[in-house]
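Inspection log for the structure reproduced underneath, given as structure tokens.
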Amino acid sequence: MQVAVVTFDGFNELDSFIASALINRCRKDGLEAFITTPTPVVTSMNGVEVTGQRPMEFVSEAGVVLIGSGVKARDVVADDRLISRLALDPSRQLIGAQCSGALVLARLGLLDGMPACTDMKSRPFVEARGVSVLDAPFHAEGNIATAGGCLASQYLATWVISRMLGEDAARDVIGYVAPVGENRETVERAMRAVHTGEAALR
């Protein structure tokens, strides 16, 4: 069970690293995340250089693909050659997007008729692509999910772990990383966000 955390140049560190770090706490259970990049090295919005663990083509073989956000998201969706490297299939993959990553899913036609979550700055650009944006941190329909706000990346990770390994595994991971003294409320908040996001349109 492999997860591609797609990370473009200009990426937001919180979005890519929180999701991958949480998911990688499940390595012993066979679930592992890899920073997946279009070039060997990408530079974050704050100048942090990161060497990709997998090339972009890895997305076609990963069971889960999470599209991270960043300050160059609009450049990404305007690059036909780059977009063509994202061969995603929601019939066999879990696909999630963080913040401006929703623009990528919209560009790929994966949000047709589905509302999405994104961050405040990305909202008008996502709406310009005909996607309704929810005032919520997380939303999922079937195998596609979106999260809005940097710290909502924990909800994407919770969704992935729950879907792949079960809710108990997700509770264990979130409980372990929660602030001391706030374990229970942190776990319940994460589970509530995912449950609410999945049930929103039922």
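Only this structure's heavy atoms are used, side chains among them; waters, hydrogens and symmetry mates stay out.
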Go through N143 and R163 one step at a time and tell me if the side chain to side chain donor-acceptor pair (under 3.5 Å) criterion holds. CA-CA 9 Å; N143 287 345; R163 288 287 301 269; 2.6 Å; yes

Take T186 and N183 through the side chain to side chain donor-acceptor pair (under 3.5 Å) test and state the conclusion after the steps. CA-CA 5 Å; T186 302; N183 303 74; over 6 Å; no

Run the side chain to side chain donor-acceptor pair (under 3.5 Å) check on E13 and S44 step by step: do they pass? CA-CA 6 Å; E13 301 95 332; S44 79; 2.8 Å; yes

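With a 6.0 Å radius and a threshold of 12 heavy atoms from other residues, nucleotides or ligands, R74 has its CZ atom at or below the threshold. Residue N46 qualifies as enclosed at atom CG: its count of foreign heavy atoms under 6.0 Å is above 12.
Taking 4.5 Å as the limit, some side-chain heavy atom of L66 sits within range of a side-chain heavy atom of I23. Taking 4.5 Å as the limit, some side-chain heavy atom of Q2 sits within range of a side-chain heavy atom of F58. Between V133 and C117, every side-chain heavy-atom pair lies at or beyond the 4.5 Å cut-off. Residues P90 and L110 form a side-chain contact, since some pair of their non-hydrogen atoms from C-beta on lies under 4.5 Å apart. E198 has its side chain out of reach of E141: every pair of non-hydrogen atoms, C-beta onward, lies at least 4.5 Å apart.
For the pair R92 and D89, the salt-bridge criterion is met [side-chain N within less than 4.0 Å of a carboxylate O]. A salt bridge between R184 and E188 is absent, with no side-chain N of the basic residue lying under 4.0 Å from a carboxylate O of the acidic one.
Exactly one residue among D79, T39, T37, I67 makes a side-chain contact (heavy atoms from CB on, under 4.5 Å) with F8. That residue is I67.
The stretch residues 71-125 participates, sequence neighbours left out, in no ring pair (Phe, Tyr, Trp, His ring centres under 6.0 Å) pair at all.
Of the possible polar contacts, one joining the S84 side chain to the R81 backbone as a donor-acceptor pair under 3.5 Å is found.
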